[in-house]
Amino acid sequence: MRHHGHSSPPPAPDDPHHKRSDWATLSRLLPYLWQYKWRVLAAIVFMLSAKVANVGVPVLLKNLVDAMNIKPGDPSTVLVVPAGLLLAYGLLRLSTSLFTELRELVFSKATQGAARSIALQTFEHLHALSLRFHLERQTGGMTRDIERGVRGIESLISFSLFNIGATLIEVLLVLTVLAVKFDAWFAWITLAALVCYITFTVLLTEWRTQFRRQANEFDSAAHSKAVDSLLNYETVKYFNNEGFEAQRYDESLQRLRTARLKAQSTLSMLNTGQQLIIGIGLVAMLWRATQGVVDGRMTLGDLVMVNAFMIQLYIPLNFLGVMYREIKQSLTDLDKMFTLMDREREIADVPGAQPLALGSEGASAALAPAVHFEDVHFAYDPARPILQGISFEIPAGKTVAAVGPSGSGKSTLARLLFRFYDIQQGRITIAGQEIRHVTQASVRQAIGIVPQDTVLFNDTVQYNIAYGRPSASRAEVEDAARAARIHDFIASTPKGYETTVGERGLKLSGGEKQRVAIARTLLKNPPILIFDEATSALDSANERAIQSELQSVAHNKTALVIAHRLSTVVDAHEILVMEAGRIIERGTHSQLLALGTRYAGMWALQQSNEAS
């Protein structure tokens with residue numbers, strides 16, 4: 001059994017019960033937008049211009065209606081006054097649309113730029129998090145959170161600034177016109193209706209948010225189950241569990257359906273209440289305006305203007321519930337993405353950390369570094385220690401092998417050397433420098449690994465081999481493939497190096513995937529090599545051929561070989577026999593055989609198995 005670590009991660013801000021305030025989420029977003037401050041300011045100017053033009057339309061319509069109150073048979077008035085007002089009315093209508101489109105045009109770069117910056121920063125941060133986090137995460141749900149967060153940025157800006165913000169500005173302008181031009185009752189009725197409408201909408205939407213949040217959680221859970229099941233397609237088929245997987249997925253979909261039905265029923269309640277408030281307010285305003293016309297205090301144009309104002313105000317307010325709900329949802333989605341960004345890095349460079357110093361040519365034989373493990377204690381979970389006081393040296397340019405039963409801690413040595421985890425006690429040094437005191441990037445740049453479980457990108461063979469050194473030429477890629485004894489196989493396929501390997505490399509056999517991994521590491525050509533069961537998926541003939549290649553590649557390089565097959569490590573400078581996180585024997589192959597204890601017994605057992 002291989003230990004990947006199952007302990008609970010340290011407390012972090014991505015606790016599902018953690019919820020920052022909406023204002024705190026907005027304050028995190030503003031610096032990304034303020035990088036485009038001139039575009040933001042220009043967009044606000046265009047928005048204000050559009051609203052002023054929009055409010056001017058009913059005023060001009062009133063004048064147009066009043067101007068039609070002319071004496072019959074006066075042709076000059078008909079031709080001059082209404083024509084000019086009609087032209088101005090049309091220009092104002094055009095200006096409203098023009099300024100709105102200019103606002104969208106100017107601000108789109110700021111919105112898309114902010115979304116890109118946040119998405120990229122989140123992506124980079126996720127790569128900087130520890131292996132523990134990535135072993136415990138659910139890929140489908142996490143990618144869904146990022147996708148919704150990026151989409152939420154655009155919705156949040158559009159609805160909050162250009163819909164609700166713009167509507168509130170228009171309300172202030174309308175209230176000002178009504179209060180100045182008519183009696184204060186018009187402004188009070190409008191204000192009362194708006195306050196009731198907004199209060200009702202906010203309170204009911206706040207109550208409804210729980211159902212939307214539940215729906216999102218169930219949506220992420222269903223998506224995670226679907227992605228996990230499809231990624232493990234072969235395992236599902238091996239155990240004939242298609243029905244079981246469908247049942248799990250359907251249970252998630254059923255919970256999602258229930259939450260969405262609750263959200264829809266409460267939405268109907270919200271819409272009905274909003275229309276009732278709008279209807280009462282509109283009737284009260286028109287009654288007062290009609291009474292004013294009858295009493296002679298108002299003109300017919302005033303009545304038309306009041307009605308037009310109400311229509312212009314209540315049309316966007318009709319969508320206030322939708323806008324507020326989308327804003328709240330966008331804030332929730334954005335908060336989830338910011339929470340991912342706030343996730344504490346378990347493994348971080350110390351302040352002022354310098355790159356690992358290997359000289360100007362880290363890969364040269366003379367500069368192959370020595371590696372030391374000094375009294376190393378480590379546990380994925382404090383209750384279950386994995387390494388207990390491990391000490392050994394890999395001399396510069398030499399090969400040391402670690403052998404032993406599964407679960408003895410061999411593969412953990414490789415993870416610690418890559419600094420995927422930090423040790424609890426002791427120290428690990430490369431070229432005399434403790435790896436916790438230098439940058440992680442420089443440590444990993446100096447090490448190449450051929451892992452036991454090879455996972456490839458869903459791309460071409462060329463891409464996967466070149467991943468060891470993306471700047472490598474095609475000729476260098478092919479040379480690495482030849483050294484890994486896979487070039488002939490690649491050349492025999494219809495598309496050659498452009499052959500797509502499928503999700504996680506599933507189109508290739510285990511041996512082919514492992515040879516691609518070997519080629520990738522050979523192309524990287526680092527001064528330190530780790531072979532973690534590098535030939536475990538190969539047949540005997542290919543194993544012997546590649547073993548000789550690996551020995552040639554490891555010549556004059558510092559190498560750690562982790563193996564079950566003892567025949568692959570007989571030439572090692574030193575062999576460490578591990579059990580339960582301790583080194584119980586060490587020495588060369590001949591020395592360990594001469595001891596006649598644990599290693600000798602393992603050797604005899606493997607030899608007899610091969611002979612049979």
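Quick caveat: nothing in here was measured; it's all calculated off a predicted structure. Hydrogens, waters and symmetry mates play no part in the numbers below; they use all other heavy atoms, side chains included.
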With rounding to the nearest 0.5 Å, note down the distance linking [atom1] in [X] to [atom2] in [Y].
X      : Y      : atom1 : atom2 : answer
Ile449 : Ile518 : CD1   : CD1   : 12.0 Å
Leu560 : Thr399 : CG    : OG1   : 9.0 Å
Lys507 : Thr493 : NZ    : OG1   : 11.0 Å
Arg582 : Glu579 : CZ    : CD    : 10.0 Å
Ile428 : Gln433 : CD1   : CD    : 14.0 Å
Ile528 : Ile447 : CD1   : CD1   : 5.0 Å

Is there a side-chain contact between [X] and [Y], using heavy atoms and a 4.5 Å cut-off?
X      : Y      : answer
His589 : Ile575 : yes
Ile530 : Phe418 : yes
Ser229 : Val236 : yes
Thr439 : Gln354 : no
Glu476 : Leu523 : yes
Asn464 : Tyr467 : no
Tyr599 : Val403 : yes
Thr499 : Ile490 : no

Practice task
Apply ring-ring contact (aromatic ring centres under 6.0 Å, His included) to Phe244 and list each qualifying residue two or more places apart in sequence or on a separate chain.
Solution key: none
Handout entry: Any residue meeting ring-ring contact (aromatic ring centres under 6.0 Å, His included) with Tyr497, in chain and number order, not counting sequence neighbours
Key = His487
Exercise for the section: Using the test salt bridge (Lys or Arg N to Asp or Glu O under 4.0 Å), find all partners of Glu393 that sit at least two apart in sequence or belong to another chain. Expected result: none
Problem - Lys524 atom NZ: more than 12 heavy-atom contacts under 6.0 Å - result: yes
Any donor-acceptor pair under 3.5 Å linking the side-chain atoms of [Y] with those of [X]?
X      : Y      : value
Ser411 : Asp532 : yes
Ser391 : Glu374 : no
Glu585 : Thr597 : yes
Thr500 : Thr460 : no
Asn525 : Lys557 : yes
Gln112 : Arg116 : no

Under a 3.5 Å distance rule, please check whether [X] uses its side chain to pair with a backbone N or O of [Y] as donor and acceptor.
X      : Y      : answer
Arg444 : Arg419 : yes
Ser442 : Val438 : no
Lys398 : Ala559 : no

Handout entry: side-chain contact (heavy atoms from CB on, under 4.5 Å) between Val376 and Gln425, intermediate numbers included
Key = CA-CA 6 Å; Val376 171; Gln425 182 180 327; over 6 Å; no
Practice task
I would like to know whether Val561 and Val400 meet side-chain contact (heavy atoms from CB on, under 4.5 Å); could you show each step before the answer?
Solution key: CA-CA 6 Å; Val561 178; Val400 167; over 6 Å; no
Handout entry: Parallel, tilted or perpendicular: rings of Tyr421 and Tyr380 (30°, 60°)
Key = perpendicular
Problem - Residue list, side-chain contact (heavy atoms from CB on, under 4.5 Å) with Ala519, at least two apart or on another chain - result: Ile465, Ala480, Ala484
Handout entry: Sequence-distant partners of Arg586, side-chain contact (heavy atoms from CB on, under 4.5 Å), two or more places apart
Key = Phe392, Glu574, Leu576, Ile583
Atom of [X], atom of [Y] and distance for their closest heavy-atom approach:
X      : Y      : answer
Gly397 : Thr558 : N-OG1, 3.2 Å
Gly389 : Asp375 : CA-OD1, 3.4 Å
Phe457 : Val501 : O-CG2, 3.0 Å
Thr588 : His573 : CG2-O, 3.6 Å
Pro405 : Met578 : CD-O, 3.3 Å
Leu413 : Ala402 : CD1-CB, 4.1 Å

Handout entry: Qualifying residue, where the test is side-chain contact (heavy atoms from CB on, under 4.5 Å) with Phe378 and the options are Gln424, Arg415, Gln388
Key = Gln424
Practice task
Kindly state each residue pair satisfying ring-ring contact (aromatic ring centres under 6.0 Å, His included) with at least one member in residues 429-449, sequence neighbours excluded.
Solution key: none
Practice task
Could you check Val570 against Leu566 for side-chain contact (heavy atoms from CB on, under 4.5 Å), going step by step and ending with a plain yes or no?
Solution key: CA-CA 7 Å; Val570 293; Leu566 303 185; 5.7 Å; no
Problem - Ion pair Glu245/Lys225, N-O distance below 4.0 Å - result: no
Practice task
For side-chain contact (heavy atoms from CB on, under 4.5 Å), just list the numbers for Arg520 and Val450, CA-CA rounded to whole Å, side-chain angles, deciding distance to a tenth of an Å, and then say yes or no.
Solution key: CA-CA 8 Å; Arg520 186 166 56 188; Val450 180; over 6 Å; no
